[in-house]
Every structure is written in structure tokens, then in C-alpha cells.
Visitor: 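Here's a structure for you.
All residue numbers in this chain count up from 1 along the given sequence.
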Amino acid sequence: LVIGGYAAYSLANPIDDSCPQHVVWGAPQVAQEGNNQYLCRTGYAVNYNYITKVAYYSVENIRVDNLVKTAPRKDDFREDPQVPTEYRSTLKDYAGAGYDRGHIAPAADMPFSAQAMSESFFLTNMMPQVPGNNRGIWKYTEELTRYYAQKYGQVYVITGTIFSQPYKTIGNNVYVPSHIWKIVIDPKNVRAIAFLFPNEIKDDSILLRKHFKFLCQTSESFNFSAE
């Protein structure tokens, strides 16, 4: 991936053209276009990969005023009707597979409208995620991101997936990411911080506290305070 704004040769893509409100320096550019689809939503956008049936990444603009809860979570997981049927992931793919339907752009970032909340449950915004990871260190990372938005007023967020060999799949060839990552950008102070985790079990409470302490210390070392 080439992150727009960090590379002089970055190119505009449909997210930059159709829903630029979700990005600050442009959306990431994939090396090869063709087996993918850009999808703009109320609270986020994704670049969906037809081969893995999981998004390359999501982009969000999280503002402090949008974190005021007005729309309840309803867990209406469903296929995305904008994607051709043969390239969709389905509820059946996830059933009994042992993985969570993990949000890429979190539902908790979308409480500002019922439409935004509902759209966050399209399966194009999901990845097969190890339960202990989704409900553990990744949840803490998402909460830390929202804390940054509350503290600094606004952050732009890019969240993505990495697939390493040997590839794992569930259902009808839905790929399981080996790693997940998140970049948080503070546009006002022109700074950013990135997180990368293996898609593995991280459900030990002591280990979680150590990881969260590390996140806070790392944030502070970049003057991106979590205190």
C-alpha cells in the first residue's frame, strides 16, 4: 500500500473522489487495481478485495461530536448488496468457523446515526478475527483511538488487513488475516501513530494490561498522549 500524502506519486482513487470527507491526505493506493471495489458509506469507506473477500482497509474521520450516542447497536450483520454475489462473504461463511465477524471500521465509532450504525454491519466491513483478539487487545486499541478523538477533537483512521502464507480460509474461501493494523492521524498537529498486531489470541488479562500500558507509553513517546 502507498499511503496518500506520504508518497509523492500517490494517485487519487474513488474514495478521494466520491467520499473525501473520510480521509485527510488521501486513501491508500493498492499496488494493482482490478479485483477490488471501493465502497463509500455514511461513517466510513472501504476498499474491498474480491479475492480475499475481506477489505484491504477502511478509512474514517472520527470527530468528537459524532461519538455522542444517539443510535443503538443492533448487530444486523448482512451481505453487502453493492458487491457482485460471487465476490461476497456471507453469514454462512462465518457460521461455526470459530472466528468473530470482526469490524474493520468499528460500530462503536458510528453512534451518531442509525444509518451509519447499520452500515457498519455490512460483511464488507468484517474480517475473520480470533475472538480473544477482537474482544481483547484490538478492542483496547479501538477504545484508545476514540479517546484520541475525544482529546484532540478529530482523528482520521485507516484500519487494514495483512495476509501471510500459509493462508487460512473459512467458508467459501474467505481469507483470515494474519495481522491487522491501524493508523491514527491527528491532522491539527500533523502527527500519526500506527499499531500492528497478529490476529492471535490475546485474552489473558495480565497480558492485555501489559499491551495497553505499552500502547500508552508508545503514544507518549510520540507526544500522542494517552493520559
Side-chain angles (χ1 to χ4, degrees), residues 22-24 28 41-46 54-75 77 99-113 116-162 176-187 192-205 207-220 222 224-227:
H22 298 314
V23 295
V24 60
R41 306 298 187 197
T42 304
Y44 69 98
V46 298
V54 176
Y56 283 111
Y57 62 80
S58 71
V59 291
E60 304 173 75
N61 174 7
I62 306 177
R63 302 196 313 269
V64 63
D65 54 309
N66 279 347
L67 293 176
V68 177
K69 188 173 182 179
T70 59
R73 176 175 172 140
K74 293 187 176 180
D75 286 7
F77 295 95
Y99 290 89
D100 282 357
R101 293 165 296 197
H103 281 74
I104 300 176
D109 294 353
M110 314 289 169
F112 58 91
S113 84
M117 178 64 71
S118 179
E119 289 175 348
S120 76
F121 286 90
F122 282 128
L123 291 182
T124 44
N125 186 40
M126 300 296 151
M127 56 182 164
Q129 193 168 4
V130 171
N133 183 282
N134 183 37
R135 306 170 200 181
I137 189 61
W138 194 244
K139 178 183 176 182
Y140 279 99
T141 306
E142 292 173 338
E143 291 173 349
L144 184 62
T145 300
R146 286 189 290 276
Y147 174 81
Y148 288 150
Q150 291 168 339
K151 182 168 184 177
Y152 300 113
Q154 177 187 37
V155 293
Y156 289 87
V157 184
I158 310 170
T159 306
T161 54
I162 296 173
V176 178
S178 59
H179 295 77
I180 48 182
W181 53 270
K182 189 179 292 287
I183 300 171
V184 185
I185 301 167
D186 173 9
I193 188 168
F195 306 97
L196 172 68
F197 296 106
N199 187 15
E200 296 175 354
I201 296 174
K202 299 290 183 185
D203 58 359
D204 179 85
S205 59
L207 185 61
L208 284 177
R209 286 197 294 270
K210 288 181 179 179
H211 272 291
F212 191 67
K213 182 178 180 181
F214 171 75
L215 292 183
C216 295
Q217 290 173 339
T218 304
S219 300
E220 290 166 6
F222 281 88
F224 214 133
S225 176
E227 289 187 347

Visitor: Give me the atom names and distance for the closest heavy-atom approach of A149 to V64.
Guide: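 Heavy-atom minimum between the residues: O-CB, 3.7 Å.
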Visitor: Can you check whether S120's main-chain N or O pairs, donor with acceptor, with D109's side chain at less than 3.5 Å?
Guide: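 Not a single qualifying donor-acceptor pair exists.
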Visitor: What is the minimum heavy-atom distance between N199 and P128, and which atoms define it?
Guide: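 Smallest interatomic distance, heavy atoms only, reads ND2-O, 3.1 Å.
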Visitor: Which atoms form the tightest heavy-atom contact between E142 and P106, and what is the distance?
Guide: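 Taking E142 first and P106 second, the nearest heavy atoms are OE2-CG, 3.4 Å.
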Visitor: In Å and rounded to the nearest 0.5 Å, what is the OH to OG1 distance from Y56 to T161?
Guide: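 Reported to 0.5 Å precision, the distance equals 9.0 Å.
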Visitor: Let me confirm one number: the CD1-CG distance from I180 to L196, rounded to the nearest 0.5 Å.
Guide: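 Here the interatomic distance stands at 9.0 Å.
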Visitor: Got a second to check how far K151's NZ is from L144's CG, nearest 0.5 Å?
Guide: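 Here the interatomic distance stands at 10.5 Å.
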Visitor: Look at the rings of F195 and F197 and say which category their plane angle falls in: under 30° parallel, 30 to 60° tilted, over 60° perpendicular.
Guide: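 Because their plane-to-plane angle is under 30°, the rings of F195 and F197 count as parallel.
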Visitor: Where is the tightest heavy-atom contact between I104 and M126, given as atom of each residue plus distance?
Guide: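 Smallest heavy-atom distance, with atoms named: CD1-O, 3.9 Å.
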Visitor: Please round to the nearest 0.5 Å and tell me the distance separating atom OG1 of T145 and atom NZ of K182.
Guide: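 Result: 5.0 Å between the selected atoms.
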Visitor: Could you measure the distance from the CG atom of D65 to the CD atom of Q150? Nearest 0.5 Å is fine.
Guide: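 If I round to the nearest 0.5 Å, the distance is 11.5 Å.
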Visitor: Can a donor-acceptor pair be found, under 3.5 Å and without considering hydrogens, that links the side chain of N125 to the backbone of A105?
Guide: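 Side chain of N125 to backbone of A105: a pair is present.
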Visitor: List the atom of G102, the atom of Q129, and the distance in Å for their closest heavy-atom pair.
Guide: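 So the minimum-distance heavy-atom pair works out to CA-OE1, 3.4 Å.
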Visitor: A side-chain contact here means heavy atoms from C-beta on lying under 4.5 Å apart; do F122 and V46 qualify?
Guide: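 Sidechains of V46 and F122: no contact.
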Visitor: Answer yes or no: is there a side-chain heavy-atom contact under 4.5 Å between V157 and E60?
Guide: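 When only atoms from C-beta onward are counted, E60 and V157 do touch, with a gap below 4.5 Å.
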Visitor: Do any N or O atoms from the side chain of E119 and from the backbone of T42 form a donor-acceptor pair under 3.5 angstrom?
Guide: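 Here the side-chain-to-backbone pair exists.
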Visitor: Apply side-chain contact (heavy atoms from CB on, under 4.5 Å) to I162 and W181, showing your working.
Guide: CA-CA 8 Å; I162 296 173; W181 53 270; 3.7 Å; yes
Visitor: Counting only N and O atoms by type, is there a donor-acceptor contact under 3.5 Å from the side chain of N133 to the main-chain atoms of P198?
Guide: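 The answer is yes, because a donor-acceptor pair under 3.5 Å joins these two groups.
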Visitor: For P111, is there any backbone N or O sitting under 3.5 Å from a side-chain donor or acceptor partner on T70?
Guide: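 Checking the backbone N and O of P111 against the side chain of T70, a donor-acceptor pair under 3.5 Å is found.
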Visitor: Are any non-hydrogen side-chain atoms of V59 and P28 less than 4.5 angstrom apart?
Guide: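 The answer is yes; the side chains approach within 4.5 Å.
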Visitor: With rounding to the nearest 0.5 Å, note down the distance linking CZ in F112 to CZ in R63.
Guide: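 Separation between the atoms: 7.5 Å.
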Visitor: Taking V176's backbone N and O only, do any of them form a donor-acceptor pair with Y99's side chain (distance below 3.5 Å, no angle check)?
Guide: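 Pair absent, no side-chain N/O of Y99 close to backbone of V176.
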Visitor: Do F121 and H103 come within less than 4.5 Å of each other through their side chains, counting heavy atoms only?
Guide: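 With C-beta onward as the side chain, the pair touches.
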Visitor: A side-chain contact here means heavy atoms from C-beta on lying under 4.5 Å apart; do T124 and R41 qualify?
Guide: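 In short, these two side chains touch, coming nearer than 4.5 Å.
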Visitor: What closest approach, in Å, do A107 and R73 show between heavy atoms, and which atom pair accounts for it?
Guide: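 Smallest heavy-atom distance, with atoms named: CB-NH1, 4.0 Å.
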